[in-house]
Each structure stands twice: as C-alpha cells, then as structure tokens.
Amino acid sequence: MGDHPIIHNMEMTGYPDGKEPTYPKCPICGAEAEEFYKNICNEDIVGCEDCIGKVWADEIETEAF
C-alpha cells in the first residue's frame with residue numbers, strides 16, 4: 001500500500017498539496033512582498049517595502065511643487 005497523497009506530496013515537494021505557494025509581486029519592482037504602498041489620492045500602488053524610500057522635505061527642491 002502506498003503513502004497517503006499528502007505524505008507523498010510533502011516528501012516530493014515539501015508542500016501538502018504538491019504546489020509551492022505563490023506570493024504577490026510588486027507591480028513596480030517585481031519583488032515578492034507582503035505590503036504594498038498606495039497613493040491615497042488616487043489609490044494607485046506606488047511600490048513595496050523594497051522599492052520605496054523615505055525622503056526628507058528639505059532634500060526636495062520646493063520649486064518642483
């Protein structure tokens with residue numbers, strides 16, 4: 001008698017259903033991420049924790065606004 005399918009899948013792939021889980025990818029940089037950041041004005045995704053950085057206000061030229 002063979003092993004139960006879950007046991008067989010775990011031995012072969014490490015996952016009970018035999019499929020590696022998929023994770024969401026950032027639409028900006030393509031990295032797998034758990035959190036995404038969005039523009040609160042228009043709800044567009046602007047990046048993830050890997051591709052977003054903080055900029056201090058005094059580092060930006062105010063003429064651009």
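In this text, all values refer to a predicted model and were calculated from it rather than measured experimentally.
- How far SG of C48 is from NZ of K25: 11.5 Å, rounded to the nearest 0.5 Å.
- In terms of heavy-atom proximity, C26 sits nearest to F36 at CA-CE2, 3.2 Å.
- By the side chain to side chain donor-acceptor pair (under 3.5 Å) test, D44 pairs with N42, sequence neighbours left out.
- Its side chain outside the 4.5 Å cluster rule for every partner, I7 clusters with none of the Ile, Leu, Val, Met, Phe, Trp and Tyr residues.
- The minimum heavy-atom distance between T13 and K19, with the atom names listed, is OG1-N, 4.5 Å.
- Summarising the geometry of H8 relative to D3, their closest heavy-atom pair is N-CB, 4.4 Å, with the distance given to 0.1 Å.
- Applying the salt bridge (Lys or Arg N to Asp or Glu O under 4.0 Å) rule to pairs touching residues 47-60 yields nothing, sequence neighbours excluded.
- For N9 (side chain) and Y15 (main-chain N/O), no donor-acceptor pair under 3.5 Å exists by modelled atom type.
- Other cluster members for Y37: V46, I52, joined by side-chain heavy-atom distances under 4.5 Å among Ile, Leu, Val, Met, Phe, Trp and Tyr.
- Cluster partners of I40: none. The rule joins Ile, Leu, Val, Met, Phe, Trp and Tyr whenever side-chain heavy atoms lie under 4.5 Å apart, and it links nothing here.
- For P5, the side chain to side chain contact (heavy atoms under 4.5 Å, CB included) criterion is met by no residue, not counting sequence neighbours.
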